[in-house]
J.: 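Dropping the structure in here first, questions after.
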Amino acid sequence: MLRAVVGWEPSFSARRGFFVLITLLEKELRRAVSAVLPDVEKPDVRVQPCQNPEFGDYQTNSLMSLAKARGLNPRQLACDVKDRLSVQDWCESVEVAGPGFLNFRLRPEAVIHLIATALKGDHLFFTTQSPAQRVVIDFSSPNVAKPMHVGHIRSTILGDCLARVYRLLGHQVITDNHIGDWGTQFGKLIVGWKEQLDTEALERDPLAEMDRLYKDVHQRCENDPALLEQARQELVKLQQGDPENLEIWRRMTSYSQDRFAQLYKRLGVKFDFSLGESFYQPHLEGVVQELLDRGIAQYSEGAVVVFFEDHPELAGQPAIIRKRDGGFNYATTDLATLAYRLENWKPGEIVYVTDGRQQLHFKQVFEIFRRWHPEARIKLTHVWFGAILGEDGRPFKTRSGETVKLSDLLEEAKERAYGVVSEKNPELGESRKQKIAECVGIGAIKYADLLPNRQSDYIFSWDRMLSLNGNTAPYLLYAYTRIRSIFRKLREVDPNASLKVQVDPAKARLAAQEEWVLAKQLLNFGFVLKAVAEDYRPNYLCNYLYDLAGQFAKFYETCPVLKASEEEREVRLALCELTGRVLKLGLETLGIETIERM
RNA sequence: GCACCGGUAGCUCAAUUGGAUAGAGCGUCUGACUACGGAUCAGAAGGUUGGGGGUUCAAAUCCUCCCCGGUGCACCA
């Protein structure tokens with residue numbers, strides 16, 4: 001590896017597919033650590049960008065924890081490892097700093113090389129992960145006969161985003177919408193349907209009509225035991241396969257699915273499967289019996305229950321898998337679902353995206369499943385999120401106190417975005433304004449949802465999410481349109497300019513500070529995508545894109561592109577082009593569509 | 001009562017999970033050549049990270065005890 005540098009000739013060809021310098025450095029560091037400490041198996045070494053450019057471009061802190069764990073002098077270890085490193089292809093210096101940091105300073109040639117190869121389309125600063133995994137992502141899960149509301153939006157947007165990230169990184173993703181299409185609510189719904197269905201209203205807005213029926217019967221049941229009993233009877237008949245009730249159920253499901261499909265289309269969300277709760281009904285009896293047979297479950301107070309007395313966190317909180325009346329509940333369904341997925345799809349991981357209130361439920365289900373299938377090598381992950389609150393800090397509701405329907409929310413987003421676009425850019429044609437409003441409005445909602453740490457509650461604010469300043473979808477979309485505008489203008493300024501931007505790595509220089517900073521930010525795209533996948537946290541990507549857009553804005557202010565000399569223009573156009581590509585792909589990965597003008 | 005999650009600038013949120021000087025936006029104040037889209041950019045002010053104690057080279061982050069808030073805890077999903 002050590003060799004004289006006579007004209008810079010990268011050895012990347014020997015490492016095809018590695019376009020993330022951090023990954024290369026980590027690999028080389030692991031090799032060096034193993035050389036210094038031969039008994040360390042697969043050392044856990046992580047490299048990250050320096051937050052303070054004075055220290056360098058990348059740093060590792062891992063040697064200090066490694067030294068600590070082994071009672072070594074951390075600074076000495078850092079020096080030893082440094083001596084064994086051969087990273088001169090990519091770094092012009094490696095320094096030991098402080099108690100044992102290792103700081104790397106990148107060679108400009110290496111950065112230029114990555115810029116040039118990215119322009120050619122060889123990569124976009126990330127690599128697919130290997131080995132590829134098969135991942136099932138379970139999200140959205142609306143209920144039949146109820147309108148989707150804000151409660152579903154985070155699951156839908158977060159789950160869709162995670163699916164996109166995993167796919168981008170080369171994993172095989174199966175998305176499955178576990179629709180709530182079976183359960184006790186159908187007793188009341190069928191009573192309402194038979195008694196007072198308004199067919200016109202049903203045609204107009206089926207979910208609103210079914211919601212009305214349910215609420216009406218539900219309310220009357222409060223002080224009408226006879227009606228409640230009637231609802232129970234209808235439910236029993238449905239469960240026993242009564243043709244009339246089954247037909248009503250089918251129609252309700254069908255109406256709901258149509259309506260869900262409209263919303264998903266508007267949101268750009270797709271599912272590979274929509275296997276609802278009803279799909280698993282035939283399996284539930286067997287699940288309970290098997291858990292009883294194996295001694296995992298037992299009878300208690302007439303119900304079938306699983307206890308976790310030896311489990312510190314779950315002790316005293318049993319899970320019911322069959323009710324005293326013989327009915328099953330959602331724990332049973334989730335267990336049957338898990339078994340089905342394991343057997344038919346053989347995934348390496350299943351990710352459940354739901355709100356935080358279901359934490360206990362999934363802990364129980366996962367624990368039962370591990371007892372039931374101790375041999376299964378599968379990672380089960382509950383990706384949970386906090387609530388959406390109104391500006392008063394209480395659960396997000398309409399003025400009249402109703403939950404906000406998702407379709408209304410999307411429509412309002414579009415209207416508000418339309419207002420902003422019309423004000424800023426009144427000369428645009430009507431259809432273009434409509435298109436922009438749709439993109440900006442939906443994008444703003446999605447972005448506002450993905451930006452906060454998913455585990456915290458967040459306050460929903462139209463003004464903030466639609467602002468053109470700050471960390472918002474409109475700001476990022478605007479940054480993208482400015483880039484596109486440069487390329488439109490380029491053809492006016494220089495009709496002969498090639499549409500395909502290229503740089504000559506031998507001649508190109510990142511002379512200005514702003515160019516250098518921007519280029520290095522581009523390089524970190526892959527690092528961030530990986531972090532998003534590891535922690536199931538799209539907000540890392542949001543923050544990365546916001547930083548990228550901010551660094552582009554500074555570059556744009558200080559480095560003229562079209563007015564620059566030909567030599568300068570080449571590399572600046574390259575930075576514009578690649579920033580545009582990363583912004584576009586990054587936003588797409590968040591589920592947000594980009595536009596050329598706004 | 002038990003369990004889980006949170007408390008960071010006036011407000012809304014970050015902080016690559018133990019790293020170097022805790023960062024953005026809004027709001028407040030001051031600036032920027034007629035400006036490749038000003039829907040922008042630069043700068044200032046603003047902090048004992050709820051409080052105490054501990055662990056160590058290093059703590060918003062880990063341990064412990066309090067205070068405050070949210071959520072969940074046997075037949076709804």
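Note on naming: letters A, B, ... go to the chains in the order of the sequence lines (proteins, then strands), and numbering restarts at 1 for each one.
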J.: Would you tabulate the side-chain donor-acceptor contacts of residues 44-56 of chain A under 3.5 Å, counting partners in other chains and residues two or more places apart, or write 'none'?
T.:
unit_1	atom_1	unit_2	atom_2	d
A:Arg46	NH2	A:Glu534	OE1	3.4
A:Asn52	OD1	A:Glu54	N	3.0

J.: Calculate the interatomic distance between A:Leu468 atom CG and B:G37 atom C1'; express it in whole Å.
T.: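 Atom CG in A:Leu468 sits about 12 Å away from atom C1' in B:G37.
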
J.: Report the residues that fulfil side-chain contact (heavy atoms from CB on, under 4.5 Å) with A:Ala297, sequence neighbours left out, ordered by chain and then residue number.
T.: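 Here the qualifying residues are A:Leu291, A:Leu292, A:Val304, A:Val306, A:Ile321.
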
J.: Taking atom C1' in both B:A45 and B:U40, compute the distance separating them and give it to the nearest angstrom.
T.: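 Going atom to atom, C1' in each nucleotide, I get 23 Å.
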
J.: Of the listed nucleotides (B:U17, B:C13, B:G37), which one gets closest to any side-chain atom of A:Asp535?
T.: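 Of B:U17, B:C13, B:G37, B:U17 is nearest to the side chain of A:Asp535.
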
J.: Applying ring pair (Phe, Tyr, Trp, His ring centres under 6.0 Å), which residue pairs with at least one partner in residues 448-471 of chain A are found, sequence neighbours left out?
T.: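 Every pair satisfying ring pair (Phe, Tyr, Trp, His ring centres under 6.0 Å) with a residue in residues 448-471 of chain A: A:Phe396-A:Phe460, A:Phe460-A:Trp462.
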
J.: Any side-chain N or O of A:Ser461 less than 4.0 Å from the OP1 or OP2 oxygen of B:C11?
T.: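 So the side chain of A:Ser461 is outside the cut-off, no N or O lying under 4.0 Å from OP1 or OP2 of B:C11.
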
J.: Checking base pairs now: Watson-Crick or wobble, both atom distances under 3.5 Å. What partners B:G31?
T.: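 Base-paired to B:C41.
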
J.: When the P atoms of B:U49 and B:A60 are compared, how many Å lie between them, rounded to an integer?
T.: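 My reading of the P atoms in B:A60 and B:U49 gives 7 Å.
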
J.: In whole Å, measure the gap between the P atoms of B:G51 and B:C36 for me.
T.: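 Each nucleotide's P atom is 48 Å from the other's.
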
J.: Taking side chain to side chain donor-acceptor pair (under 3.5 Å) as the cut-off, I'd like each qualifying pair that reaches into residues 523-533 of chain A, sequence neighbours left out, listed once.
T.: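 Sorted pair list: A:Tyr58-A:Asn524.
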
J.: I need the full list of salt bridge (Lys or Arg N to Asp or Glu O under 4.0 Å) pairs touching residues 145-155 of chain A, with sequence neighbours left out, sorted by first then second residue.
T.: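 Those involving residues 145-155 of chain A are A:Arg154-A:Asp449.
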
J.: Can we say A:Glu229 and A:Arg232 salt-bridge, meaning some charged N sits less than 4.0 Å from an Asp/Glu carboxylate O?
T.: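 Result for this pair is yes, salt bridge flagged.
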
J.: Give every donor-acceptor pair under 3.5 Å between a side-chain atom in residues 549-562 of chain A and any protein atom, sequence neighbours left out.
T.:
unit_1	atom_1	unit_2	atom_2	d
A:Thr558	OG1	A:Lys554	O	2.8

J.: So, is A:Lys554 close to the B:A42 phosphate, meaning a side-chain N or O under 4.0 Å from OP1 or OP2?
T.: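 For A:Lys554, the contact criterion (side-chain N or O under 4.0 Å from OP1 or OP2 of B:A42) is met.
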
J.: Once hydrogens and angles are ignored, does a donor-acceptor distance under 3.5 Å link the base of B:A15 to the side chain of A:Asn453?
T.: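 No pair found.
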
J.: Looking at B:G25, which nucleotide sits across from it as a Watson-Crick or G-U wobble partner, both distances under 3.5 angstrom, or is there none?
T.: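 Matched B:G25 with B:C11 under the 3.5 Å cut-off.
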
J.: For each nucleotide in nucleotides 72-77 of chain B, reading 5' to 3', give B when a protein heavy atom comes within less than 4.0 Å of its base, S when such contact involves only the sugar-phosphate, and - otherwise.
T.: SSBBSB

J.: If we take the C1' atom in both B:U28 and B:G69, what is their distance in whole Å?
T.: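 So the two C1' atoms sit 29 Å from each other.
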
J.: Using OP1 and OP2 only, check whether a side-chain N or O of A:Lys68 sits under 4.0 Å from B:U56.
T.: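 So the side chain of A:Lys68 is outside the cut-off, no N or O lying under 4.0 Å from OP1 or OP2 of B:U56.
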
J.: Can you check the distance between B:A44 and B:G53, where both ends of the measurement are the C1' atom (answer in whole Å)?
T.: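 After rounding to an integer number of Å, I get 38 Å for this pair.
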
J.: Measure all distances between protein nitrogen or oxygen atoms and nitrogen or oxygen atoms of nucleotides 23-32 of chain B, and list the pairs falling under 3.5 Å.
T.:
unit_1	atom_1	unit_2	atom_2	d
B:A24	O2'	A:Tyr546	OH	3.2

J.: For nucleotides 60-62 of chain B, tabulate all protein N/O to nucleotide N/O atom pairs closer than 3.5 Å, reporting atom names and distance.
T.:
none

J.: Indicate whether OP1 or OP2 belonging to B:G38 is found under 4.0 Å from a side-chain N or O atom of A:Arg482.
T.: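 For B:G38, OP1/OP2 do have a side-chain N/O of A:Arg482 under 4.0 Å.
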
J.: Under the rule for side-chain hydrogen bond (donor to acceptor under 3.5 Å, both in side chains), what residues qualify as partners of A:His382, not counting sequence neighbours?
T.: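 In terms of side-chain hydrogen bond (donor to acceptor under 3.5 Å, both in side chains), with neighbours along the sequence ignored, A:His382 is linked to A:Thr354.
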
J.: Does the aromatic ring of A:Phe101 sit over the six-membered base ring of B:A20, closer than 5.5 Å centre to centre and tilted less than 30°?
T.: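 Whether judged by distance or by angle, A:Phe101 passes, so it stacks on the base of B:A20.
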
J.: Going by centres under 5.5 angstrom and planes under 30 degrees, do the aromatic ring of A:Tyr556 and the base ring of B:U40 stack?
T.: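 Per 5.5 Å and 30° rule: no stacking.
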
J.: Let me confirm one number: the CG-CG distance from A:Leu518 to A:Leu522, rounded to the nearest 0.5 Å.
T.: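 Rounded to the nearest 0.5 Å, the CG-CG separation comes to 5.0 Å.
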
J.: Counting only side-chain N and O atoms of A:Lys489, is one of them less than 4.0 Å from OP1 or OP2 of B:C36?
T.: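 The answer is no; no side-chain N or O of A:Lys489 sits under 4.0 Å from OP1 or OP2.
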
J.: Apply side-chain contact (heavy atoms from CB on, under 4.5 Å) to A:Phe279 and list each qualifying residue two or more places apart in sequence or on a separate chain.
T.: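 Listed in chain order: A:Leu275, A:Tyr340.
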
J.: Just by distance, with hydrogens left out, do A:Asn329 and A:Thr332 show a side-chain donor and acceptor under 3.5 Å apart?
T.: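 Result is yes, a qualifying pair exists.
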
J.: Taking B:G23 as the reference, what is the distance to B:G31 when you measure between their C1' atoms (whole Å, please)?
T.: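 About 23 Å, rounded to a whole number of Å.
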
J.: Does a side-chain N or O from A:Arg537 land closer than 4.0 Å to OP1 or OP2 of B:A15, or not?
T.: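 Affirmative; the distance criterion is met.
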
J.: Can you tell me the distance, in whole Å, between the CZ atom of A:Arg597 and the P atom of B:A39?
T.: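 After rounding, the gap between these two atoms is 16 Å.
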
J.: Sequence neighbours left out, what pairs pass salt bridge (Lys or Arg N to Asp or Glu O under 4.0 Å) with at least one residue falling in residues 384-393 of chain A?
T.: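 Listed once each, the pairs are A:Asp392-A:Arg394.
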
